[in-house]
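Order of appearance sets the numbers: ligands from 1, and atoms from 1 within every ligand.
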Amino acid sequence: MPTLEPINILLVDDRPENLLALEAVLSEENYRLIKATSGEEALRHLMKEEFAVIVLDVQMPGMDGIETAKWIKAREKTQHIPIIFISANYKESEHLFAGYSAGGVDYMVKPFVPHILRSKIQSFVGIFLAQKRLKSQKMLLHQKTLELERINRELALAKEEAERAALARTQFLAVMSHEIRTPLNGVIGMADLLQDTEMSLEQRNYAEMIRKSADSLMKTINNILDFTKMESGKLELEEYPFDLKALIQEVLELFTAEMSKRHLTCTVDIKQDVPACLLGDMIRLRQVLINLVGNAIKFTDDGEICIRIEVVPDHKDDHTCRLRIEVQDTGIGIPVDKMNALFQPFSQLDSSMNRRYGGSGLGLAISKSIVQMMQGDIAAYALDRGAMFQFTVVLGKLEQ
Ligand code: ADP
């Protein structure tokens with residue numbers, strides 16, 4: 001097995017001729033053979049270097065092989081090194097082997113068969129190399145774990161920082177919106193009063209423009225406020241009974257003047273099985289409808305707006321129903337490649353349109369969040385003529 005570091009093997013025998021014999025058997029292999037003629041010398045080598053396996057003669061004068069092995073197994077640094085005892089007879093070996101049943105210990109009887117010794121050493125070296133690889137992988141893993149822990153800590157800090165910044169932005173926008181809305185209400189109120197006074201045609205037009213601009217500014221500010229509330233998860237839905245037909249009526253009334261000015265017609269188709277009285281956040285549902293119907297009217301110069309409402313049949317719960325609501329127009333339509341951008345905040349399909357039609361590009365993003373909070377979803381479809389927005393919501397059913 002190719003390795004960069006030498007594989008050290010310790011050969012311990014008091015007789016130099018035996019050491020030479022061992023050396024001859026192992027010389028073909030890519031091992032670094034270190035020889036010791038006594039137990040003490042073997043221990044000195046073991047203090048200095050790392051060994052893959054030890055070949056240890058049992059019978060030696062002074063500190064014999066068994067004594068030496070005891071020392072080796074007692075030291076933490078060397079206790080895992082496998083030992084192959086070379087013993088003079090079978091009986092001695094069996095006795096020895098029983099004492100070292102923990103593994104990593106083997107024996108051979110003199111005279112040993114060279115290829116058996118070679119293969120025993122090869123298998124111990126294989127284990128040694130596998131353990132080394134495992135150790136370096138463990139170290140690598142440990143380093144990676146430390147690195148990941150550091151990155152996690154940094155991410156947690158960055159998240160905290162981002163949350164603080166988001167909170168500051170939300171608070172800033174909430175305060176600013178409030179501060180802007182108060183004087184703006186004054187502008188709207190005074191413009192209304194002004195419109196009730198005697199004015200020339202020119203003055204009346206100016207007053208109307210003031211009123212319209214103030215309305216659109218108010219809409220943008222309300223949208224920004226809603227959007228920041230949604231982003232920070234502060235928007236909560238309420239639940240109360242409401243009449244769906246009355247809600248649609250109310251929404252359409254807001255646009256009656258605009259529609260008749262542009263000669264747009266509107267059809268409403270509410271399927272018979274749609275419950276008349278529902279339970280949910282009517283104000284937020286109205287906001288979605290106002291946005292979709294408002295857009296349909298805004299982007300349609302002639303033709304009609306069509307609203308369809310039906311119950312989605314496969315809804316399982318008896319106490320709620322899933323409604324599918326569609327708002328279709330015959331207006332300028334939406335290019336297919338722009339569909340994905342529609343529901344992104346502050347997205348308007350092109351800036352020239354923005355100048356012509358106004359708006360903040362937040363309405364659809366807010367509508368999507370509301371609809372999702374009502375366990376539904378929203379999608380847009382490009383038609384041959386115009387566009388269709390379709391959304392679903394889950395609302396409570398009220399027994400009548
Ligand atoms: P805005 O306040 O700008 O209308 P919205 O989020 O409601 O913001 O809409 C984003 C953009 O989607 C609009 O600027 C417009 O380009 C496009 N759009 C939305 N509704 C329609 C529609 N019915 N027909 C064509 N384009 C539409």
Item to check | Polar atom proximity, Leu364 to ligand 1 (N or O, under 3.5 Å) | outcome: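 It does: an N or O of Leu364 is found under 3.5 Å from an N or O of ligand 1.
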
Checklist entry - Any N/O of Gly363 closer than 3.5 Å to an N/O of ligand 1? => result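 Yes, Gly363 has an N/O under 3.5 Å of an N/O on ligand 1.
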
Item to check | Main-chain N/O of Gln79 paired to Lys73 side chain as donor or acceptor, under 3.5 Å | outcome: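 Side chain of Lys73 to backbone of Gln79, a donor-acceptor pair under 3.5 Å: yes, one is there.
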
Checklist entry - Got a second to check how far Leu285's CG is from Ile370's CD1, nearest 0.5 Å? => result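 Atom-to-atom, Leu285:CG and Ile370:CD1 are 8.5 Å apart.
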
Item to check | Euclidean distance, Gln375 CD relative to Leu237 CG, rounded to 0.5 Å | outcome: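 It comes to 9.5 Å.
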
Could you list which atoms of ligand 1 come closer than 4.0 Å to a heavy atom of [X]?
X      : result
Ile334 : 25 (C), 26 (N)
Gly361 : 1 (P), 2 (O), 3 (O), 6 (O), 8 (O)
Leu362 : 6 (O), 8 (O)
Leu342 : 12 (O), 17 (C)

Item to check | NE2/His315: more than 12 non-hydrogen atoms of other groups inside 6.0 Å | outcome: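 Atom NE2 in His315 is crowded, with more than 12 foreign heavy atoms closer than 6.0 Å.
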
Checklist entry - What part of Asn291, side chain from CB on, backbone N/CA/C/O, both or neither, has a heavy atom under 4.0 Å from ligand 1? => result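 The side chain, only.
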
Less than 4.5 Å apart, side chain to side chain, heavy atoms only: is that true for [X] and [Y]?
X      : Y      : result
Met388 : Val327 : no
Met199 : Leu194 : yes
Leu56  : Met60  : yes

Checklist entry - Could a heavy atom of Phe389 be found less than 4.0 Å from some atom of ligand 1? => result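 So Phe389 counts as touching ligand 1.
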
Checklist entry - For ligand 1, is Lys298 a contact, meaning one of its heavy atoms is under 4.0 Å away? => result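 The answer is yes, since Lys298 has a heavy atom less than 4.0 Å from ligand 1.
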
